[in-house]
Undergrad: 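Here it is, the structure, as structure tokens.
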Amino acid sequence: MFGSRKSLLAIDLGASSVKILEVHRDRDDLVLTNFSRVDIQSDANRAEAIAECLRRGKFKTKHAVAAISGKSVIVRFLTMPRMSHEELNRAVKFEAEKYIPWPVDESQIDAVSLGDLPGQDQNAQPEMRVLLVAAKKTFVNDFSQMLIQNGLVPLAIDIDSIALATAYEMHERASNTSPAPGAIALVDIGAGKTSVNIISGGTPRFIREIDNGGGDMTQCVAQKFGMETQEAERVKCSPGDRSSEIEEIVMSAVADLANELNLSFDYFEHQGDGSVDSIHLSGGASSIVSIAENIERATGKRTHLWNPIDGLKVHGAGIDLDDLNAHAPSLAVAVGLAAREY
Ligand SMILES: Nc1ncnc2c1ncn2[C@@H]1O[C@H](COP(=O)(O)OP(=O)(O)OP(=O)(O)O)[C@@H](O)[C@H]1O
Ligand SMILES: [Mg+2]
């Protein structure tokens, strides 16, 4: 998996913090040897936050994988005639034109077959489901350059919502849970956005980014108490004996998110790929009080929190376990980056 490379850095540059995991493979185990995270105060200090996170981590390797997300990245599920990987790579450029709002020449395109569609008519041409990912070349290049300027050697760039699914797959394997029979929705609630990946039969079937996240919950608190954002953030994350008050205050943000989730589930369920059985929450903002209960009530789907670091072996003398555990919900993307085959 890691070839001759021993270790790897998995870098998640989120809206509110940078998280970096240093891992290596020991047979089937993914071993965490170091962890570092730094808050991002504003967009202006993102690059600085990465540099600081690397400094603090004192990592031994420069080989890095990272994830991108947002409006410069497009993910689509297509139906195409069954073809080889090489043919797909050629054909998808023409197909992609229909879905990308900017010129195909300015895009970095990746496509992967998710397997054949269930056979219809015996005489019909067999078809396959294809996952298309397209990103603006300039965006990917700038992102890679930023990693290189920090002395890193980028090995691959992934997508948040896909890394999320890789992390969940590892979690299922590690906890010996057999994959759910129906579709499940992975929902990672970050600061600025929520990544949704509906998985069925072990493969992604629907991917979307929702523009709601923990930042909206912080704004509810700031407005209610007339606080600055930073103060509201502190009260939201450590409410002490005011937790039911905070639950009430952020309710409108949670309801907006649940509403968007319901729209996504409706869309998915109308495609005829089955229905969503359960929701699995991660992301820093999944720590807000009673979120699983409130989302379950609003969507009518069984909703659980899962711990993205459950499947990791931790072997690092320098790792602050309390810090790691406190931030575990927000590490799904980084764990997924670390767990993928490169
Ligand atoms: N204990 C807590 N209670 C409530 N919210 C929390 C708690 N801890 C963290 N959060 C919220 O989680 C969010 C950060 O989560 P995460 O690190 O997953 O986001 P990110 O990756 O930085 O952002 P994005 O994925 O949107 O780019 C922030 O809004 C933060 O306030
Ligand atoms: Mg995130």
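As the structure is a computational prediction, the values presented were derived from the model and not from experiment. Order of appearance sets the numbers: ligands from 1, and atoms from 1 within every ligand. Along the sequence shown, residues carry numbers from 1.
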Undergrad: Going by atom types only, do D188 and S282 share a side-chain donor-acceptor pair under 3.5 Å?
TA: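 The answer is yes; a qualifying pair exists.
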Undergrad: I'd like to check which ligand 1 atoms, numbered from 1 as shown, lie under 4.0 Å from a non-hydrogen atom of S287.
TA: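 Once the distances to S287 are compared, the set is 1 (N), 2 (C), 3 (N), 4 (C), 7 (C).
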Undergrad: Look at atom 18 (O) of ligand 1 and say which protein heavy atom is nearest, naming residue and atom and giving the distance to 0.1 Å.
TA: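 Closest protein heavy atom to atom 18 (O) of ligand 1: G284 N, 2.9 Å.
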Undergrad: With atoms numbered from 1 as shown, which atoms in ligand 1 lie under 4.0 angstrom from a non-hydrogen atom of E233?
TA: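 Once the distances to E233 are compared, the set is 28 (C), 30 (C), 31 (O).
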Undergrad: Measure the distance from atom 27 (O) of ligand 1 to every protein heavy atom, then report the residue, atom name and distance (to 0.1 Å) of the closest one.
TA: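 Result for atom 27 (O) of ligand 1: A15 N, 2.7 Å.
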Undergrad: Please report the closest heavy-atom contact between I100 and I109, naming both atoms and the distance.
TA: CD1-CD1, 4.0 Å
Undergrad: Under 4.0 Å from any heavy atom of I288, which atoms of ligand 1 are there?
TA: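 Close to I288: 3 (N), 4 (C).
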Undergrad: Within the 4.0 Å heavy-atom shell around G214, which atoms of ligand 1 are there?
TA: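 Close to G214: 29 (O).
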Undergrad: Could you find the nearest protein heavy atom to atom 19 (O) of ligand 1 and give me its residue, atom name and distance?
TA: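 Answer, as residue, atom name and distance: A191 N, 3.1 Å.
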Undergrad: Does a donor on one side chain sit under 3.5 Å from an acceptor on the other, for N294 and E247?
TA: yes
Undergrad: Salt-bridge test for E293 and R297: reply yes if a basic N is under 4.0 Å from a carboxylate O, no otherwise.
TA: no
Undergrad: For G215, take its heavy atoms, then give the atoms of ligand 1 lying under 4.0 Å from any of them.
TA: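 Result: 29 (O).
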Undergrad: Tell me, which protein residue and heavy-atom name are nearest atom 22 (O) of ligand 1, and how many Å apart are they?
TA: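 The protein heavy atom lying closest is S16 OG, 2.7 Å.
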Undergrad: What protein heavy atom is closest to atom 25 (O) of ligand 1, reported as residue, atom name and distance in Å?
TA: K193 NZ, 2.9 Å
Undergrad: What is the closest protein heavy atom to atom 26 (O) of ligand 1, and at what distance does it sit?
TA: G192 N, 2.7 Å
Undergrad: Number the atoms of ligand 1 from 1 as they appear, then name those within less than 4.0 Å of a heavy atom of G283, with their elements.
TA: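 Under 4.0 Å from G283, ligand 1 has these atoms: 18 (O).
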Undergrad: State, to 0.1 Å, how close A134 and W102 come at their nearest heavy-atom pair, and which atoms those are.
TA: O-CZ2, 4.3 Å
Undergrad: Distance under 4.0 Å to a non-hydrogen atom of A285: what atoms of ligand 1 satisfy this?
TA: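 Under 4.0 Å from A285, ligand 1 has these atoms: 11 (C), 12 (O), 13 (C), 15 (O).
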Undergrad: Would you tell me whether R340 and T166 have side-chain atoms, one donor and one acceptor, within less than 3.5 Å of each other?
TA: no
Undergrad: Which ligand 1 atoms, with their elements, are less than 4.0 angstrom from a heavy-atom of G14?
TA: 20 (P), 21 (O), 22 (O), 27 (O)
Undergrad: Among all protein heavy atoms, pick out the one at the shortest distance from atom 20 (P) of ligand 1; state its residue, atom name and that distance to 0.1 Å.
TA: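 Here the closest protein heavy atom is K19 NZ, 3.4 Å.
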Undergrad: So with a 6.0 Å cut-off around CZ of F225, is the heavy-atom count from everything else above 12?
TA: yes
Undergrad: Within the 3.5 Å criterion, strictly below it, is a donor on H327 or D323 matched to an acceptor on the partner's side chain?
TA: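 Indeed, the side chains of H327 and D323 share at least one donor-acceptor pair under 3.5 Å.
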Undergrad: Does Q271 CD have over 12 foreign heavy atoms under 6.0 Å away?
TA: yes
Undergrad: Does E248, at its CD atom, have more than 12 non-hydrogen atoms belonging to other residues, nucleotides or ligands within less than 6.0 Å?
TA: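 Check fails, neighbour count at 12 or below.
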Undergrad: Which residue owns the protein heavy atom closest to atom 5 (N) of ligand 1, what's the atom, and how far is it?
TA: K236 CE, 3.5 Å
